[in-house]
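Quick notes on the structure that follows.
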Amino acid sequence: MKKGVIALLFVCLFAIAGIWSGVVYAAEEIKVGIIDTYSGPPSSYALDVLDGFKLAMNKINAGGGILGKRLSYVTRDDKFKVDLGLTSAKELIMRENVNLLVGTINSAVSLAVSDLAKKENIPFIVTYGKSSNITGAKGHKFVFSMNENTEMIGKAAAIGLAKRPFVKYWIAGDDYEYGHAVADAVWNHLKKIKPDVQLMGQSWWKVGEPDFTPYITSILSAKPDAVIVATGGAGCIPFLKAAKNTGFNEKIPIYMHTATELSTLRPLGLDAPEGVIGTANYYFYYPETPENKAFVDEFRKAYDRYPSFGSLIGWCTASFIAEAYKKAGKVDAEQFAAALTGLTINSPIGNLTVGQFDNQLMLPMFMGVTKKVPGYDFLIASDIVTIPPNELITTAEEIRKAREQK
Amino acid sequence: MDFSSTISASGLIQQFLIGLSRSTILFIVSSGLSLVLGVLRIPNVAHGSLYMLGAFLCYSIATLVGAGSTGFWVGLALAPFCVAFVSLVVERALFSRLYDREHLMLLLFTFALMLLCRDAVKMIWGSEYRSLAPPEALQGSLSAFGMMFPKYNLFLLSLGPVVAIGLWFLTHKTKIGKIARAAAVDRDMVGAVGINVSWVFASVFVIGCFLAGLGGALVAPTQNINQGMDHTLIMEAFLIVIIGGLGNVWGALLGALIFGLTDSMGILVWPQFSIVFPYAVVVIALIFRPKGLLKATW
């Protein structure tokens, strides 16, 4: 009997100690809730982001953490669905007590979570959602974007394409928000810079279209000077494949935003078409600076593959979080958000700054042309032209207008 | 309204042939679906997943054998048989135990099979995109009379009649085919004359799945091989089977031709709204022939 009581006492003691240490432990860490698509085709991008995040996080923690606290994360799979993303975000805030939210590759999910973040006063850093509404018309002080948006893509493409002699264009793309947003942005900016361009026609296919050959042959018979292809994610690969099989790239110049990105070119191996014009925010082989080389080496050592743009996004997200908390001096949502606005860090591709007016990370854009280069078992970008961030940013005036119109 | 103003005769022929090659794939896959539907009376929802499995297996075998043309040919030859083997195991171990249950149970089973296949593919191959090159002899395109045809599409085009004749031979000239056709009409009677209906069902199911695997292996070099490829196809395959007449293999051929050709022609004529064309034709076909264009076996 007595033994039983003592045992019970011990159990209680351990339980209390456990809870107490748990509380202490929780206070000793900064917890990031990451919502992203970890199932289905978009997951390869989400995993690149996560690995980049982990790489920077481990380095931060090895160096003593942030304000003496460890950086940690929990992930939730939104399965590319708005309702699931939103419930995960709520759950992360209420049950996991995360200090801030990070995610996601789906623009619609990003917008929904951003809305919640505004209501709950919790910072939200968008990793891969590319809608310009996130930091534009629907932006607020708690939402930040770590990747390029459709407006920036449009401006960069227009600047690059205007230098080429094309006049008659054809637009083709995915029949959903990203496709139309990219196509509109490219076309509107191109017409501003070069008013004599003509639009010969458009083709729109459903998302997940498996075979592009009939679309390509129909564009070939229209004979435009160049084609603007507005397809993202999974569509890029079969499109480039069909372009190679039909010899499309040899007959008509193609511009496609992500055509030169590693995520697109790596799966195609040496079967990707050459001469396709593409824009990207990151190449592991350009710029050839010691910082970039160090990042590539570290990433390869940790994950045995080359880092993609997604990896850079993840790395930047963790690094910005650390710097913003250090600048704020304490773990507080309001002060963190205020500190992150306008913050500059030194990244593998040089200094990067979060925009003052819209909280949009000001990334440079690189325009290149796909090419086979010895030493790589996939194509890489060549003839790279850098378009600096100050030519791509949305002005304070434009932001104000967009937010008023809403 | 933005009709393409310059549609030349050569453009038309080129588009027609591309459409035909697309129809070939649709025919191969939907004929398998139709065969299973006709004999087993089950809409096999997992048909698309087996098609996906065929594509992934073709990719894996091709990369395992080695780069270059032989890898692809070995993959193309083996992948459909691997899919058929998987389906045989599934049929004998699980599916055959459900034949005397009600219909809904069988439908639920194929649905479960679809989910299992999807997760199995994710576990085995991961979520990265895969890509397979066509064999060297079939890369690039042939140009003639100002037209241009990708060689691989011409190869697909030539396979269509081979599969159609093979299916005709199988269903009309072989014993198993004749029994299967009889079982489609009256399965109790076939059982009553002393034929093991269970094995007939198994063989038809396996042949149907073989065709799904073949379709998957054949499209592997034309698109990216990923987890989403099953549900895009299964939708189209069901539509084709429905407009062709449930369970009628020739209906599947007709349906595939209509679907593939209206799709590619729509893209040429009105590219901005081309998505609508094949579905509009399905609606029109069903208004006039609600039971499908050819006689349904149901």
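Residue numbering restarts at 1 for every chain, and letters A, B, ... go by the order of the sequence lines.
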Where is the tightest heavy-atom contact between [X] and [Y], given as atom of each residue plus distance?
| X | Y | value |
| --- | --- | --- |
| A:Asp211 | B:Arg22 | O-NH1, 4.0 Å |
| B:Ser274 | A:Trp204 | OG-O, 3.7 Å |
| B:Gln15 | A:Thr217 | OE1-OG1, 2.7 Å |
| A:Tyr38 | B:Lys122 | O-NZ, 3.9 Å |
| B:Ser264 | A:Pro214 | CB-CB, 3.9 Å |

Does the side chain of A:Lys241 pick up a donor-acceptor pair with the side chain of B:Ser131 at under 3.5 Å?
yes
Between A:Asp271, A:Leu268, A:Ile216, A:Asn245, which residue shows the highest count of heavy-atom pairs closer than 4.5 Å to chain B?
A:Asn245
Could you give the distance from [atom1] ([X]) to [atom2] ([Y]), rounded to the nearest 0.5 Å?
| X | Y | atom1 | atom2 | result |
| --- | --- | --- | --- | --- |
| B:Gln14 | A:Ser218 | CD | OG | 9.0 Å |
| A:Glu209 | B:Thr232 | CD | OG1 | 8.5 Å |
| B:Gln223 | A:Thr213 | CD | OG1 | 9.5 Å |
| A:Ser221 | B:Ile13 | OG | CD1 | 12.0 Å |

Tell me, side chain or backbone of [X] under 4.5 Å from chain B's heavy atoms, or both, or neither?
| X | result |
| --- | --- |
| A:Tyr45 | side chain |
| A:Leu220 | side chain |
| A:Lys251 | side chain |
| A:Leu47 | side chain |

Under 4.5 Å, counting heavy-atom pairs only, tell me which of B:Pro134, B:Gly126, B:Pro221 racks up the most with chain A.
B:Pro221
Largest heavy-atom contact set with chain A, pairs under 4.5 Å, which of B:Leu132, B:Ile275, B:Leu233, B:Val219
B:Ile275
Side chains of B:Pro271 and A:Trp205, heavy atoms from C-beta outward: is any pair under 4.5 Å?
no
Considering residues, nucleotides and ligands other than [X], do more than 12 of their heavy atoms fall under 6.0 Å from its [atom1]?
| X | atom1 | result |
| --- | --- | --- |
| A:Lys81 | NZ | no |
| A:Lys191 | NZ | no |
| A:Tyr176 | OH | yes |

Interface moiety of B:Ile18 toward chain A, non-hydrogen atoms closer than 4.5 Å
side chain
